[in-house]
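See below for the structure under consideration.
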Amino acid sequence: MILQRREAIPTILVVVAFIGGAIASPYFLDFRYLLDASSLYVETGLLALGMTLVIICGQIDLSVSSTLALVACIVAKLLAAGWSAGLATPFGLALGALLGLVNGLLVSKLRLPSFVVTLATMAAYRGLAQVMMGAQSVRIPASMSGIDSARLPGTPIPLPLSILILAAALTGLLLHRTVMGRWIYAVGTNERAALFSGVPTSRVTTTVFVVSGLLAGFAGLVLASRLGVARFDHARGMEVDAITAVVLGGASIYGGRGSVLGTMLALLLVAFLRIGMGLANVTAEFQLAAVGALLVISVIVTNVVERYSGGRGDP
Amino acid sequence: LAGCNRGGDRVAEGEGGSAGKKLRIVYIPKNTGNPYFEEVTKGFRDAANEIHADFTTTAPATAEATSQIPIIKEQIQRGVDVIAISANSPDALNPVLDEARAKGIVVITVDADLVGNESHRDAAVLPADFGEIGPSQVELLGKLTGYEGDFAILSATTDAPNQNAWIAKMKEARKDPKYSKMHLVDLVYGDDAPQKSTTVCEALLTKHPGLRGIISPTSVGLAASAQVVERAGVYPGGDHVVGKGLQLTGLSTPNQLKKFVNNGVVTAFQLWAPYNEGYLAVYLGQRIHEDGLKPAVGFFFETAKLGKRKFSNKLELIGGPLQTFDKSNVEKFSF
Amino acid sequence: MQTNPLVTGRALRMAFGGVEVVKGVDVELLAGEVHAIVGENGAGKSTVAKILAGVHRPTGGLVEVGGQETLLEGPRQALALGIALIHQEPLTFPDLTVAENIFVGHQPLKGRLVDWRKMESRADELLSTLGARFRSRDLAGGLSVADQQMIELASALTHNVKVLLMDETTAALTPKEVAELFEIVGRLRADGCAIAFVSHRLGEVFEISDCITVMRDGEKVGERRPAETEVGEIVRMMIGREITVPPSSERAPDSVTRTESPTFAVKSLASKGRFEEVSFEVHSGEVVALAGLVGAGRTEVCESIFGVRPMTGVVELDGKTVQIRSPREAIALGLAMVPEDRQHDGLLLPMSLAHNATLATVQSTARTGWLADKQERSSAKDYLERLHTAYRSLDQKAKELSGGNQQKIVLAKWLMAAPKVLILDEPTRGVDVGAKEEVHRLVRDLAAQGMAILMVSSDLSEVLAMGHRVLVMREGRLVAEMSQAEATAEKVMLAATGQVSSAA
Amino acid sequence: MRPDPATAKAGRVWALREFGTLALVVVVFIAAGSREPRFLQASSLNSILLWIPLLIVIGMGQMLVIVTRGIDVSVGSMVGLSGILVGMLFRTHPGLGVLPGCLAGVGVGLLLGSLNGLLIAVARIPPIIATLGTLSAFRGLTFIVSGSKQINSNDLPDALTRLSLDGPVHVAGVTLSWILFLALLVAAATAFAIRRTRSGRDVFALGSNPDAARLRGIPVTRTTYLVYAFTGALSGLAGVMYASRFGFVNPATAGQGMELSVIAAVVIGSTKVTGGSGSVLGVLLGCLLLGTINVALAVLGIDATWQLLIYGLVILLALLVDKGVQGAMTRWQGAR
Ligand SMILES: Nc1ncnc2c1ncn2[C@@H]1O[C@H](COP(=O)(O)OP(=O)(O)OP(=O)(O)O)[C@@H](O)[C@H]1O
Ligand SMILES: Nc1ncnc2c1ncn2[C@@H]1O[C@H](COP(=O)(O)OP(=O)(O)OP(=O)(O)O)[C@@H](O)[C@H]1O
Ligand SMILES: [Mg+2]
Ligand SMILES: [Mg+2]
């Protein structure tokens with residue numbers, strides 16, 4: 001019930017953004033286009049889903065966009081080397097999970113601060129991709145590319161979008177319906193108390209990073225397929241968009257608070273905002289400023305609402 | 001030839017803007033805040049005014065490979081007639097550009113082409129003859145150093161298509177016996193980031209004490225290097241000069257180097273007229289869109305202001321020509 | 001003795017999230033008087049204290065300082081007016097030295113700069129008068145709850161306090177330390193300070209206070225002079241009913257039918273620099289009380305057994321040697337531990353009561369790994385009610401409960417796990433008489449049902465009343481073991497303080 | 001969480017932790033020097049000593065922010081905005097002196113930092129969110145005020161560039177530039193302030209236990225506000241130093257991504273990310289390590305494509321060293 005109240009704000013904002021977009025540009029109210037344009041945010045969405053778990057667990061993962069790029073590059077190379085899609089895809093996912101596992105172990109076993117660990121792996125993973133690929137980029141064979149021109153059979157919904165929705169549903173189940181999910185909240189709230197209550201804290205922490213890596217790997221496959229090529233410098237800075245979405249969605253950066261629904265609503269919000277401003281030819285710098293301001297304002301509003309609804313206002 | 005000459009004549013007759021609805025052109029530079037593309041945009045504006053086209057420009061905040069994709073999609077949705085773009089990636093844009101062309105939008109790459117993916121655009125307008133840039137940079141350095149001594153190249157990123165193309169040509173050009181006494185001793189990358197360019201340039205001076213020359217075919221690299229060379233005082237007439245001194249040259253807009261030309265740190269450097277690229281792109285777009293012009297290799301394209309230009313082998317028009325700047329003329333330019 | 005009020009609360013009211021928890025309370029703290037405030041858990045004692053110290057701004061009523069109405073902006077201003085509060089849950093800065101902790105916010109200055117030498121020397125003086133084990137340059141991190149409270153006391157003394165509010169300051173202290181504390185309180189009283197003394201230990205209350213205010217459900221039910229009343233009456237006023245069972249301190253324990261082989265045994269446990277050669281057994285159906293001075297290492301022994309800290313030695317369950325490397329493994333083996341530091345180790349303060357209560361059992365309740373919300377909530381409700389916990393709803397946040405009620409949540413969590421061996425570290429710290437009784441009865445019942453129980457306590461009467469056997473630790477070693485029959489307050493204290501050669 | 005005596009002991013000898021960083025600096029020097037003797041020449045030392053000043057100045061603020069359990073990822077954007085504004089000031093007032101310019105930069109930074117401070121201390125927005133917001137907001141503003149136009153070297157007074165071109169001290173070909181001294185001055189002042197002023201101590205108390213800080217009467221809001229305002233002011237100063245160092249200010253690249261290096265330097269400098277503890281010396285060494293690595297990579301001529309990877313690995317290595325394999329191993333137990 002508290003959760004619902006927390007998602008109220010993003011929901012309202014989404015509606016506002018939608019109306020705003022419709023007013024700002026005559027080209028906005030075209031649902032097919034909205035669907036297509038939104039599917040450009042699928043990779044960000046997948047990263048944001050993983051990031052939601054990580055942040056609720058009281059950690060942060062800055063390495064996701066690098067993981068994305070590395071997985072995309074390696075899978076592309078494998079496909080070029082003649083691997084079948086059926087083989088390369090699971091391999092890519094496994095690789096993503098593995099990269100996440102490295103983060104997870106460094107954070108949970110060696111007790112290193114996730115901010116710095118993932119800051120380092122952010123450089124290391126992309127660096128690895130660069131070493132492997134050098135300057136050139138690798139083509140994705142036609143069989144695996146062009147995912148966003150494909151649509152969910154019988155619907156106008158682009159395939160990537162439906163993938164994101166599915167992933168969100170699964171993540172939601174994990175977070176809100178399983179014991180692991182409850183543990184994630186517990187560890188994010190008070191790791192020591194969780195430990196005393198028999199929660200396998202380091203396993204939980206590791207898990208969230210693994211999931212984050214897995215989803216990042218998945219995002220890598222989607223992006224590679226959409227672009228038809230993979231390259232070490234793709235998706236730079238996407239981690240910031242992901243974090244933005246998670247926090248806009250009402251998650252507490254201090255852990256213990258947040259939800260999948262909130263994150264997805266926030267993502268939709270950002271998408272509509274960007275699309276609307278883009279169609280209205282709002283310059284990049286104004287878009288930057290606008291999204292930044294939105295983030296700050298939404299958090300202020302949340303705080304205010306909570307303070308007056310007797311919830312916890314203190315950050 | 002004739003067919004296209006007629007086209008040229010018609011432009012010369014100046015009856016560009018067709019009656020009825022205005023031609024809608026958008027230009028998408030690599031990123032905002034890049035002085036070089038400011039100048040290109042100026043060319044776009046003037047030409048668009050001449051033919052009464054409706055011109056807009058919009059760019060991503062960063063030159064990240066995929067950052068132009070949403071913008072292109074938006075422009076497709078806005079139903080523009082011509083998309084001119086300085087591509088941030090030689091291949092990541094293929095799908096979305098195909099989508100645009102499928103909708104009958106003319107796609108012209110400006111300054112940065114889709115190297116190896118030329119089939120995904122209608123035509124390109126490039127800064128200068130790539131065959132010419134490399135050699136003339138080497139020649140310029142040769143003139144400055146008396147055709148002798150070690151020299152190094154400070155480029156942008158390892159994967160910048162233009163840079164790599166030019167560097168390849170420089171290496172070729174050196175085969176000419178005339179340059180036999182010039183030795184390319186190092187090739188480094190500053191990622192077009194001030195800090196890194198500065199650091200690698202300093203490293204060059206450390207590694208090669210007797211270095212005679214540095215070619216930096218990118219304005220960030222050149223500006224950063226100029227600062228380094230001035231500090232080290234190794235330029236001809238500098239207070240730590242070794243032998244004849246180090247000659248720094250490369251490609252940059254005049255404004256960014258005026259100070260260093262005037263205080264002698266840089267003797268001479270080059271650039272083409274970015275303005276022309278924008279100017280050409282507009283007319284080219286109009287001709288293809290309104291008159292169904294089919295660019296063909298070896299054919300000529302003519303504009304009243306810039307005269308005739310030939311489509312080279314990959315359907316490129318050349319903004320060119322290369323202009324050399326030094327004390328005598330640098331103050332005359334302001335871009 | 002003068003009688004001018006230094007601080008007065010008139011018709012104080014306080015509401016949290018619309019729930020009124022203090023309903024028109026009047027208190028008057030007179031110069032040169034120790035004023036005790038007693039009441040059940042959740043009665044509102046801490047809240048009143050916090051209002052007087054400017055931590056909470058009352059939603060009704062007013063505070064008078066030195067006779068005139070004052071709107072306390074916050075703790076800063078209160079301190080400036082000479083009003084200091086020693087909080088129920090200690091508030092130290094682990095990364096700072098003890099000296100800094102004492103002088104935080106009002107470091108001695110030389111010119112406009114902090115004078116470290118002066119700060120540390122003054123801190124050391126204070127600490128020695130308080131008889132502290134630690135010195136001014138030590139880091140505060142890692143000191144025990146009691147040590148931390150001592151730091152707060154010292155800090156309060158450095159502001160030349162006129163009004164000292166002590167919220168359950170004695171809860172973690174042993175009689176020896178309580179005596180030292182009371183000495184200081186006596187001195188302050190003589191200097192004409194006003195002292196408010198919140199405590200559940202009625203014995204101490206009667207020993208030290210000049211006046212007792214009794215609270216119940218946020219209301220003041222009466223004010224008495226110790227001379228004119230007795231424990232029974234106060235207790236009746238506190239809980240508003242006759243307690244049928246006599247206070248545990250006078251009650252003989254149930255006789256135990258000892259199983260011949262112990263359910264739980266540890267052999268020569270050691271942890272470098274903390275404790276060594278700790279060996280003891282706990283039989284099923286038996287309550288073993290572990291006494292000792294604060295800092296003796298009891299908590300650390302418990303935490304080590306429970307797998308929170310590394311240690312060496314052998315742990316046996318039902319005669320079989322077991323490896324415990326984490327609380328998880330301990331729980332799997334049928335152990336449970338109620339930690340000493342409720343707030344840090346026991347609770348998820350911002351989370352709901354339901355989730356707190358079921359945290360240890362959520363996995364076993366949910367056989368498949370999918371949560372079983374219904375069972376969870378019903379059993380949570382069930383256990384919380386069994387412990388007579390005062391709460392509004394299962395979705396209420398744990399941090400909104402009073403100290404005692406929070407402890408009950410922690411207990412409920414472990415009872416749900418139905419452990420074979422239950423370790424309790426200061427289970428009744430900051431718990432009121434009524435609740436304390438319930439906890440004691442509960443512990444007895446659990447033992448009677450065959451649970452093996454190890455109970456750490458600094459409360460002598462509790463140790464004597466509950467322990468079928470009493471172990472005593474001193475400076476990391478077991479120094480004495482005595483049967484219920486042998487154990488007397490004197491013996492235990494002597495062993496704990498090391499006045500006799502170890503008798504174990 | 002209440003640290004156990006183990007960390008308490010470690011804490012008492014906190015100073016030792018910095019030596020881990022120092023050791024790494026030495027290691028990098030030896031490793032690089034043995035592969036390329038020229039690396040040990042004065043010129044690369046010069047290069048390092050010019051690499052670190054900006055980082056040091058911002059690092060001082062960032063360190064205090066992290067000590068209060070906060071983070072400021074907007075520093076890079078603040079550098080950019082103040083750099084551009086001061087640059088425009090110089091362009092429109094060619095006669096303007098360097099000192100007024102620096103003050104203007106500090107002023108601008110102070111303003112931006114104050115905004116961060118208000119958002120975080122008063123509006124109670126979690127630091128990473130507030131500064132993520134201002135990170136893009138300030139960058140956007142930079143484009144807007146500058147009309148996306150770059151400040152070129154001929155717009156900047158020579159006196160300004162002189163600050164980094166030469167300096168008061170020359171020893172054996174090594175020039176200790178003015179901006180380096182400026183940075184060290186800032187560092188010294190910070191060190192003194194955090195040790196000897198009440199507000200300075202309040203910062204550490206606040207970071208060590210925020211609840212206690214509030215209840216023990218520390219001006220939490222003011223202190224929090226101050227650290228961000230301070231960081232802003234320093235970033236503003238760094239903006240001017242940036243203009244001096246590189247001789248041009250581009251609205252897109254100025255300070256871009258700098259926050260990561262700064263945070264890395266601060267954390268490598270054994271500042272406790274969980275708050276409450278950090279030292280100026282540590283940050284100085286952290287900056288020195290990063291600077292050394294960057295220059296070493298360049299001088300060794302390590303293939304550009306390898307640099308990112310190595311950079312990442314070295315930060316990890318630094319973390320591990322700082323942690324100390326010993327401590328890490330014992331925690332392995334507790335971590336279960
Ligand atoms: N911050 C808070 N938010 C909401 N409710 C609170 C808060 N603090 C206290 N309460 C409520 O106020 C009531 C009184 O709490 P208080 O701590 O004053 O009781 P107490 O007499 O000190 O109990 P104990 O002896 O267990 O410490 C309790 O019911 C508690 O739930
Ligand atoms: N001799 C000592 N000097 C300083 N600190 C000590 C000493 N002995 C124990 N401590 C610290 O005091 C704390 C109290 O230890 P511990 O809690 O295990 O003892 P205890 O008997 O359980 O005390 P308590 O009654 O507080 O539970 C421990 O955290 C330990 O770090
Ligand atoms: Mg209380
Ligand atoms: Mg204890």
Side-chain angles (χ1 to χ4, degrees), chain B residues 29-38 41 59 61-63 155 157-159 186-209 219-220 223-224 226-228 230-233 239-240 253-263 265 330-331, chain D residues 36 38-48 50-51 54 80 84 136 139-140 142-143 146-150 152-156 158 161 164-166 173 175 177 242 244-258 261 291 294-301 303-305 307:
Chain B
K30 280 173 174 284
N31 66 319
T32 47
N34 189 326
Y36 178 87
F37 294 111
E38 298 291 326
T41 309
T62 66
S155 173
T157 56
T158 52
D159 54 335
D186 215 336
L187 167 57
V188 296
Y189 299 88
D191 294 353
D192 268 350
Q195 176 71 73
K196 185 147 186 240
S197 306
T198 304
T199 309
V200 292
C201 182
E202 286 166 341
L204 276 180
L205 303 187
T206 305
K207 283 187 289 183
H208 313 289
S219 42
V220 176
Q227 185 85 351
V228 173
E230 178 176 15
R231 213 191 106 262
D239 35 19
H240 298 92
T253 60
N255 281 352
Q256 289 173 271
L257 284 192
K258 275 181 182 156
K259 174 191 162 197
F260 298 104
V261 171
N262 293 329
N263 68 12
V265 173
V330 71
E331 286 299 343
Chain D
E36 167 59 272
R38 289 220 176 84
F39 175 71
L40 301 174
Q41 286 177 351
S43 54
S44 46
L45 208 54
N46 278 326
S47 181
I48 295 173
L50 276 169
W51 199 91
L54 279 87
I84 279 284
S136 45
R139 182 62 62 183
T142 311
F143 285 118
S146 65
S148 300
K149 293 231 179 339
Q150 167 169 316
N152 290 318
S153 46
N154 52 336
D155 302 325
L156 298 171
D158 272 349
T161 35
S164 38
L165 289 183
D166 54 29
T175 307
S177 63
Y242 181 100
S244 160
R245 169 82 172 107
F246 299 114
F248 65 97
V249 186
N250 178 289
T253 56
Q256 210 256 333
M258 204 161 186
S261 327
N294 277 277
V295 173
L297 286 175
V299 173
L300 292 184
D303 181 352
T305 53
Q307 298 198 357

Which residues share a side-chain hydrogen bond (donor to acceptor under 3.5 Å, both in side chains) with Thr175(D), sequence neighbours left out: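 Per chain and number, Thr175(D) pairs via side-chain hydrogen bond (donor to acceptor under 3.5 Å, both in side chains) with His170(D).
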Sequence neighbours excluded, the answer for side-chain hydrogen bond (donor to acceptor under 3.5 Å, both in side chains) partners of Lys30(B) is none
Problem set entry | Option that, when pairs with chain D are counted at under 4.5 Å, heavy atom only, ranks first among Ala63(B), Pro209(B), Ala193(B) |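 Between Ala63(B), Pro209(B), Ala193(B), the count favours Pro209(B).
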- request: Identify which of Glu230(B), Arg231(B), Glu38(B), Lys259(B) forms the greatest number of heavy-atom pairs closer than 4.5 Å to chain D.
  value: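 The candidate making the most pairs under 4.5 Å is Arg231(B).
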What part of [X] gets closer than 4.5 Å to chain D, counting heavy atoms only: side chain, backbone, both or neither?
{"X": "Thr158(B)", "result": "side chain"}
{"X": "Thr199(B)", "result": "both"}
{"X": "Val200(B)", "result": "both"}
{"X": "Glu202(B)", "result": "side chain"}

CD of Gln150(D) to CG of Asn255(B), rounded to nearest 0.5 Å, is 9.5 Å
In this structure, CG of Leu187(B) is separated from CG of Leu204(B) (nearest 0.5 Å) by 9.5 Å
Which answer fits [X], side chain, backbone, both or neither, if we ask what part of it has an atom under 4.5 Å from a heavy atom of chain B?
{"X": "Phe246(D)", "result": "both"}
{"X": "Asp155(D)", "result": "neither"}
{"X": "Arg139(D)", "result": "neither"}
{"X": "Ser244(D)", "result": "backbone"}
{"X": "Leu297(D)", "result": "neither"}

Main chain of [Y], side chain of [X]: is a donor-acceptor contact present, judged purely on distance under 3.5 Å?
{"X": "Ser177(D)", "Y": "Ser164(D)", "answer": "no"}
{"X": "Gln41(D)", "Y": "Ser43(D)", "answer": "no"}
{"X": "Asn34(B)", "Y": "Asn31(B)", "answer": "no"}
{"X": "Asn46(D)", "Y": "Gly173(D)", "answer": "yes"}

Look at [options] and state which one has the largest set of heavy-atom pairs under 4.5 Å with chain B.
{"options": "Val299(D), Leu300(D), Asp166(D)", "result": "Val299(D)"}
{"options": "Ala254(D), Ala252(D), Gly247(D), Gly140(D)", "result": "Gly247(D)"}
{"options": "Asn294(D), Asn154(D), Leu54(D)", "result": "Asn154(D)"}

On a heavy-atom basis, the closest approach of Gly301(D) and Lys207(B) is CA-NZ, 3.6 Å
